[in-house]
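To start, the structure itself, in structure tokens.
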Amino acid sequence: QGVRFFNESHNALLPDLKNKKVFVIFPKFSSLAQKIMIEKEVIAEKKFVLKEFGRFGVKPSVQVVGIEPNDSEIMAAIAQMKKSEVTIYFCFDAHLHPSNKKLLNEVQNASRTAVIGFLRDPYDIELLKPSIPALTCGGWRACQIRAIIERISK
């Protein structure tokens, strides 16, 4: 399955990440590994994100947050967003988890430039401001996350 934009005009809104201070917020999938199969490479979340963005010459700062991020994680993310030129949030079920919805709102409001990678399903689109580019691959497996990173990084 290919990467899909929720609004094709958003394709033109993707920022050039080269030579920018990029901040990536990524869910802590390793916390689910005891319950469901999480791919080995994704369990080391920060290493995985750095490697995949690194393939395109992008060296982001990375914050791994809980599947349901707590207030201190959200506050730390806000502080980092203010220091960054681009924030990329890999959003996992904000329509089901109030803390993810809160973080999604903060990303949209506190970031200079935001890009959202929706993981799992498209329902979170209802929570998105029309001006924010968002894309999905319909899931959260390594190949799907890689496809989103590749599209954002080109």
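All figures in this text were calculated on a predicted structure; none of them were measured in a lab. In what follows, residues are counted from 1 in the order of the sequence shown. Side chains included, hydrogens not; waters and symmetry mates left out as well; all remaining heavy atoms used.
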What distance do [X] atom [atom1] and [Y] atom [atom2] have between them, rounded to the nearest 0.5 Å?
X: Ser153; Y: Arg146; atom1: OG; atom2: CZ; result: 13.0 Å
X: Glu41; Y: Lys47; atom1: CD; atom2: NZ; result: 10.5 Å
X: Glu126; Y: Lys101; atom1: CD; atom2: NZ; result: 10.0 Å
X: Ile152; Y: Glu52; atom1: CD1; atom2: CD; result: 12.5 Å
X: Ile25; Y: Ser84; atom1: CD1; atom2: OG; result: 9.0 Å
X: Thr113; Y: Asp16; atom1: OG1; atom2: CG; result: 11.5 Å

same_hphob_cluster(Ile125, Leu96) at 4.5 Å side-chain heavy-atom cutoff:
no
Can you tell if the side chain of [X] reaches within under 4.5 Å of the side chain of [Y], non-hydrogen atoms only?
X: Leu17; Y: Phe53; value: yes
X: Ile67; Y: Phe29; value: yes
X: Leu50; Y: Pro60; value: yes
X: Lys28; Y: Phe92; value: no
X: Arg151; Y: Leu14; value: yes

Under 3.5 Å: donor-acceptor pair, side chain of [X], backbone of [Y]:
X: Asp124; Y: His95; answer: yes
X: Glu73; Y: Asn70; answer: yes
X: Thr87; Y: Val107; answer: no
X: Gln108; Y: Ile132; answer: no

Show your reasoning for whether side-chain contact (heavy atoms from CB on, under 4.5 Å) applies to Ile149 and Ile145.
CA-CA 6 Å; Ile149 291 171; Ile145 297 166; 3.8 Å; yes
Which atom pair, heavy atoms only, marks the closest approach of [X] to [Y]?
X: Ile74; Y: Ser99; result: CD1-O, 3.7 Å
X: Thr136; Y: Phe118; result: OG1-O, 2.8 Å
X: Pro27; Y: Leu119; result: CG-CD1, 4.0 Å
X: Cys137; Y: Gln144; result: O-NE2, 3.4 Å
X: Pro69; Y: Asn100; result: CD-OD1, 2.9 Å

Kindly state each residue pair satisfying side-chain hydrogen bond (donor to acceptor under 3.5 Å, both in side chains) with at least one member in residues 17-27, sequence neighbours excluded.
none
Would you call Glu150-Lys154 a salt bridge at under 4.0 Å N-O?
yes
So among Gln63, Glu85, Lys83, which one has a side chain to side chain contact (heavy atoms under 4.5 Å, CB included) with Phe23?
Gln63
